[in-house]
Amino acid sequence: MAAMSLLEPNHPPPPHYYAQRVLDLLAGVTRQYSDLLPATEQSVIAAVRAVSPNAQRLFSRLWTRTGPTFRLDSLHYAEVGDVGAAVTELEGARLVRVNDGCPADTILARLTVSELRGLFPRITERRKRGLVDAICAMYPEQLVLARVADAHPFITIVSPAALDRLQLLYFGGPERDLSTFVLEDLGVLRFEPYRLDPARRQFDTYEDFARFAAFRSFGTWLHELAARWDVTLAQYVIEALWAPNTKRILERRRVRLLNRLGRQAERVRDFDTALTAYRRAARAPARERVIRILTRLGDADGARRGLDQILAAPQVATERLFADGFGRRRPALAEDRLVLAAAPCENVEAATLAALIDHETIGRHLENRLSLGVLGLAFWDVVFASVPGAFVNPYQDRPLDLYWPDFRGVRCNAIQSRLAMLTDQAGLRRQVSWTWRNRYGVSNALVAWAAFDEPFLERLLREVPASHWCLVFDHMLNDLGQSRTGFPDLILLRRGGYELIEVKGPGDQLRMEQRAWFEFFRRHQLPARVLRVSW
DNA sequence: TGTAGCGGGG
DNA sequence: TTCACACACTCCT
DNA sequence: GAGTGTGTGTCTCCCCGCTACAAG
Ligand SMILES: [Mn+2]
Ligand SMILES: [Mn+2]
């Protein structure tokens with residue numbers, strides 16, 4: 001429940017606000033996970049609870065800021081009466097270290113260029129990065145820390161990694177952090193009040209959580225690998241991701257990481273590593289990538305065998321379409337043509353839309369936001385229906401299995417009965433407008449609220465027959481992971497009709513996901529076409 | 001001196 | 001900092 | 001026509017002030 005009155009933009013929060021939120025977080029983690037917390041986390045929790053409110057307040061501020069090191073002169077908070085006393089207390093509780101605890105470059109980065117010049121006048125680099133590097137290279141670390149401490153005393157959080165893990169446990173994912181509290185209390189973020197099963201928790205064992213946390217750091221390593229390829233590191237990651245996980249959330253993340261790693265390896269032409277990564281991943285698009293690599297390497301037989309395997313049992317539609325057409329010439333999809341009067345000044349889609357609308361035709365460039373959004377509005381309560389294990393904390397914008405292939409199977413009755421309610425326009429309108437009125441602004445992975453407004457939604461439901469919407473919903477619900485991409489760029493609405501249009505500029509072509517959608521449109525005779533635009 | 005980008009804040 | 005998309009390029013026929 | 005590499009938009013809020021950095 002969002003207490004709107006708790007915070008207002010640009011008005012100071014209640015004095016104990018941040019501290020209380022941190023204590024709430026710690027209480028939540030303790031309640032759910034006290035049995036599997038490692039010693040570091042336990043001692044952090046105990047220490048924070050033990051210090052005075054004044055120290056709790058300062059520590060909570062530190063936690064929400066980007067650390068782990070802070071200059072004392074950057075700490076002024078109305079609710080912290082005596083910063084010096086708070087710091088001393090936190091130091092005594094081993095939550096922070098004073099004038100120590102970080103590498104030289106970390107504290108140097110907190111100084112301005114002119115401060116750096118003042119303290120280290122012999123270094124003459126121009127840019128800050130170079131300045132810091134040069135100082136680190138020239139002076140021993142202890143000297144740097146001491147000299148900075150003298151002019152600008154600072155503190156460092158002792159266990160930032162433990163704080164990170166506590167946050168991760170509480171919010172269940174790296175995308176939410178303490179700022180979620182503020183945003184929710186401001187009313188910026190709102191979450192569906194779905195039912196949580198207290199007996200279910202996201203991580204059953206410490207190993208589960210450790211893997212989850214490890215996967216997150218692999219993600220950042222992968223990002224570094226993109227900048228600078230390192231075979232040893234890449235192979236280490238593959239090694240660590242070698243065995244499939246029994247937990248599905250972990251397994252999906254594992255596959256994603258391996259596929260990303262394969263892609264990076266391909267980019268630097270390390271085909272051995274790429275093949276290994278893809279073969280361990282084994283899930284789409286891994287087999288397709290393997291075939292492309294084998295073809296590049298001249299192993300036509302291996303590629304052929306791979307293609308046969310895909311054709312025998314395609315994992316996803318795009319994979320089937322790929323294997324279908326690979327090496328052969330695909331029959332070109334019929335395209336219409338449009339010549340614009342002038343070169344588009346923004347994107348081609350907007351220019352095309354402008355050329356196509358007139359006094360009786362309106363349209364939007366929405367792509368997947370259209371199909372996903374209307375689906376989300378029509379199936380709101382089905383998406384948030386209480387399914388065992390789907391919701392594990394109050395800050396989710398989707399059930400954990402939204403994009404899993406068996407999303408529908410798990411909810412098959414609810415989905416069937418909802419589809420039956422939507423077959424006529426009145427039923428569809430009833431659901432959609434109920435959601436619009438009662439849930440507007442609530443976070444939902446399917447619904448981009450800003451993309452819609454009431455009049456447009458109204459016409460959307462009037463001009464597109466409910467039977468067509470149902471065909472689309474039915475198709476999407478079979479596997480949202482697949483159908484969430486590739487929807488055509490534009491929808492045009494006119495009295496008694498509509499049209500979906502995929503805009504293609506010169507030299508742009510249908511992607512595999514878009515092909516899959518057009519296959520569906522053709523099968524059900526929905527009005528969709530590809531428009532080749534030139535100028 | 002102008003400005004884009006970032007960190008801090010509610 | 002992700003992800004889907006558009007677009008520019010190459011090689012081939 | 002097909003495949004590949006790479007740039008781009010958006011980032012789920014919006015405001016403020018400061019700073020790095022480069023241009024004048
Ligand atoms: Mn598009
Ligand atoms: Mn397009």
Side-chain angles (χ1 to χ4, degrees), chain A residues 4-14 17-18 21 61-62 64-67 70 74-78 109-117 125-132 174-176 178-191 216 219-220 222-224 226 256 259-260 263-264 266-269 288-289 291-293 295-296 318 322 325-333 335 344 346-350 365 367-369 372 395 397 403 441-451 484-489 502-514 533:
Chain A
M4 296 277 279
S5 54
L6 198 46
L7 289 184
E8 276 181 72
N10 305 319
H11 287 278
Y17 173 79
Y18 286 99
R21 285 316 210 169
R61 289 290 193 159
L62 299 181
T64 65
R65 285 176 53 174
T66 47
F70 309 89
S74 76
L75 309 176
H76 11 251
Y77 297 106
R110 309 301 300 223
L111 306 192
T112 67
V113 169
S114 60
E115 285 166 339
L116 288 170
R117 294 228 169 84
E125 294 283 333
R126 315 176 121 217
R127 298 188 334 133
K128 183 170 183 176
R129 185 67 245 170
L131 203 49
V132 169
E175 57 284 336
R176 307 241 84 97
L178 279 170
S179 73
T180 306
F181 288 136
V182 177
L183 262 20
E184 192 190 16
D185 290 330
L186 281 167
V188 170
L189 285 181
R190 292 161 60 207
F191 297 94
R216 199 176 45 143
T220 55
L222 251 56
H223 196 248
E224 287 164 24
R256 267 226 306 270
N259 278 328
R260 264 176 67 194
R263 214 51 113 111
Q264 316 259 26
E266 263 191 276
R267 189 165 303 169
V268 295
R269 309 208 148 59
E288 173 185 338
R289 299 315 309 170
I291 289 165
R292 290 188 194 280
I293 293 175
T295 306
R296 265 176 102 166
T318 49
F322 159 76
F326 188 74
R328 286 183 288 129
R329 187 152 295 196
R330 275 179 262 263
L333 219 73
E335 291 178 349
E346 352 69 77
N347 53 43
V348 200
E349 293 86 353
H365 174 210
E367 299 182 339
N368 305 298
R369 284 174 301 169
L372 292 170
Y395 304 99
D397 63 0
Y403 297 127
V442 176
S443 299
N444 181 322
L446 299 175
V447 184
W449 292 105
R484 82 175 141 152
T485 68
F487 204 81
D489 293 312
E502 172 54 39
V503 176
K504 285 297 165 201
D508 179 19
Q509 56 201 324
L510 275 191
R511 310 168 58 78
M512 220 58 85
E513 303 86 351
Q514 295 171 330
V533 178

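Note on naming: letters A, B, ... go to the chains in the order of the sequence lines (proteins, then strands), and numbering restarts at 1 for each one. Predicted, not measured: the structure shown is a model, and the values here were computed from it.
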From [atom1] of [X] over to [atom2] of [N], roughly how many Å is that when rounded to an integer?
X      : N      : atom1 : atom2 : value
A/R511 : D/dG5  : CZ    : C1'   : 13 Å
A/R369 : D/dC11 : CZ    : C1'   : 13 Å
A/E266 : D/dT4  : CD    : P     : 7 Å
A/L510 : C/dC7  : CG    : C1'   : 15 Å
A/R176 : D/dC13 : CZ    : C1'   : 12 Å
A/R296 : D/dT4  : CZ    : C1'   : 8 Å
A/L372 : C/dC3  : CG    : C1'   : 13 Å
A/H11  : D/dC14 : NE2   : P     : 18 Å

- Task: By nearest nucleotide on DNA chain D, pick out whichever of A/D397 and A/S114 is the more 5' one.
- Result: A/D397
What does [X] touch in the nucleic acid at a heavy-atom separation under 4.0 angstrom: a base, only the sugar-phosphate, or nothing?
X      : result
A/E349 : sugar-phosphate
A/R263 : nothing
A/E502 : sugar-phosphate
A/E367 : sugar-phosphate
A/D489 : sugar-phosphate

- Query: A/R21 and A/T64: side chain to side chain donor-acceptor pair (under 3.5 Å), yes or no, with the steps?
  - Reply: CA-CA 11 Å; A/R21 285 316 210 169; A/T64 65; over 6 Å; no
Tell me which nucleotide among [options] gets nearest to the side chain of [X].
X      : options               : answer
A/V113 : B/dG9, C/dA6, D/dA20  : D/dA20
A/K128 : D/dC21, C/dC5, D/dG5  : D/dC21
A/D508 : C/dA6, B/dG10, B/dG7  : C/dA6
A/R289 : D/dT4, D/dT12, C/dC5  : D/dT4
A/L186 : B/dG10, D/dT4, C/dT2  : B/dG10
A/T112 : B/dG10, D/dT19, D/dG5 : D/dT19
A/V188 : D/dC13, D/dA2, B/dG9  : D/dC13
A/L183 : C/dC7, D/dT4, D/dC13  : D/dC13

[N], OP1 or OP2 - any side-chain N/O from [X] closer than 4.0 Å?
X      : N      : answer
A/R292 : D/dG3  : yes
A/N368 : C/dC5  : yes
A/R190 : D/dT12 : no
A/Y77  : B/dG9  : yes
A/R110 : D/dC18 : no
A/R127 : D/dT19 : no
A/Y18  : B/dG9  : no
A/K504 : C/dA6  : yes

- Which comes earlier along DNA chain C counting from the 5' end, the contact point of A/G219 or that of A/Q514, where each point is its nearest nucleotide? A/G219
- With DNA chain C as reference, determine whether A/V348 or A/R484 sits nearer its 5' end, using the nearest nucleotide of each. A/R484
- Watson-Crick or G-U wobble partner of D/dT10, both distances under 3.5 Å: none
Determine the interatomic distance between [atom1] on [N] and the same-named atom on [M]; round to the nearest Å.
N     : M      : atom1 : value
C/dT1 : D/dC14 : P     : 23 Å
C/dT2 : D/dC15 : C1'   : 26 Å
B/dG5 : D/dG9  : P     : 12 Å
B/dG7 : D/dT12 : P     : 15 Å

- A/Y403 six-ring face occupied by A/R484 cation (under 6.0 Å, within 45°): yes
- Take A/D508 and A/V348 through the side chain to side chain contact (heavy atoms under 4.5 Å, CB included) test and state the conclusion after the steps. CA-CA 11 Å; A/D508 179 19; A/V348 200; over 6 Å; no
- Query: Going through the checks in order, is the side chain to side chain contact (heavy atoms under 4.5 Å, CB included) test met by A/L7 and A/V182?
  - Reply: CA-CA 8 Å; A/L7 289 184; A/V182 177; 3.8 Å; yes
- Message: Apply salt bridge (Lys or Arg N to Asp or Glu O under 4.0 Å) to residues A/R190 and A/E184 and explain how you reach the verdict.
- Response: CA-CA 6 Å; A/R190 292 161 60 207; A/E184 192 190 16; over 6 Å; no
- Task: Give the intermediate values and the outcome of salt bridge (Lys or Arg N to Asp or Glu O under 4.0 Å) for residues A/K504 and A/E502.
- Result: CA-CA 6 Å; A/K504 285 297 165 201; A/E502 172 54 39; 3.2 Å; yes
- Message: Tell me whether A/D397 contacts the main-chain N or O of A/F191 through its side chain, where contact means a donor paired with an acceptor under 3.5 Å.
- Response: no
- Checking side chain to side chain contact (heavy atoms under 4.5 Å, CB included) for the pair A/F487/A/R369: CA distance, chi angles, key distance, verdict? CA-CA 9 Å; A/F487 204 81; A/R369 284 174 301 169; over 6 Å; no
